[in-house]
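Since the structure comes first, as structure tokens, the remarks are kept for the end.
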Amino acid sequence: MDCLFCKIACGEIPANIIYRDDLIVVFDDINPQAPHHKVIIPQKHIATLNEVHDEDSDLIGHMALSGAMLAKQLNIANEGYRLVLNCNPGAGQSVFHIHFHLLGGRRMNWPPG
Ligand code: 5GP
Ligand code: ZN
């Protein structure tokens, strides 16, 4: 599978991995958009949110809850943080292996643009 995030998950491409379990891997974004910018990916390859099915609902829930857990560990849970999932190029998706961005450590604007 020629997928950047699959290669990061299996260790073929290095990344600063801050958390890993049976289902997900979390690492520092190479081009951070905030003081804290982590990428949360499933170990399983799924290209976009449009390819997520009912059997993946526990996995998606686990990704979101892990984002909340890491926000607490990073001490950004109370001040506020953002979990973002871009779906398809029109929304800014550039790597076609689903991921949440966990962003925090600065004031977040709305609408996001
Ligand atoms: P997207 O644009 O698909 O929502 O997010 C992809 C993210 O992956 C971007 O924020 C980008 O900076 C990050 N990224 C792209 N290539 C690499 C890489 O090789 N290593 C890491 N750690 N992050 C990457
Ligand atoms: Zn992949």
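Every number for a ligand or one of its atoms is a count from 1 in the order of the listing. Keep in mind that this is a model prediction, so the values were computed, not measured. Keep in mind that the numbers below use all heavy atoms, side chains included, and drop hydrogens, waters and symmetry copies.
- Atoms SG of C6 and ND1 of H45, as seen from the Zn ion (ligand 2), are separated by an angle of 110°, to the nearest 10°.
- In this structure, the protein non-hydrogen atom closest to atom 3 (O) of ligand 1 is S94 N, 2.7 Å.
- With respect to atom 6 (C) of ligand 1, the closest heavy atom belonging to the protein is H99 NE2, 3.5 Å.
- Taking atom 24 (C) of ligand 1 as the reference point, the nearest protein heavy-atom neighbour is I30 CG2, 3.4 Å.
- Remark: side-chain polar atoms of Q93 are not paired, donor with acceptor, to backbone N or O of I98 under 3.5 angstrom.
- Not a single N or O atom of H37, backbone or side chain, sits closer than 3.5 Å to an N or O atom of ligand 1.
- Numbered from 1 in the order shown, with element, the atoms of ligand 1 that lie under 4.0 Å from a heavy atom of F5 read 8 (O).
- Between L4 and ligand 1, no N or O atom pair is found at a separation short of 3.5 Å.
- Summary of contacts: the protein heavy atom closest to atom 7 (C) of ligand 1 is D29 OD2, 3.5 Å.
- Among the atoms of I8, none of the N or O lies under 3.5 angstrom from an N or O of ligand 1.
- The N86 neighbourhood of ligand 1 comprises atoms 4 (O), with distances under 4.0 Å to a heavy atom of that residue.
- For atom 22 (N) of ligand 1, the closest heavy atom belonging to the protein is D28 O, 2.9 Å.
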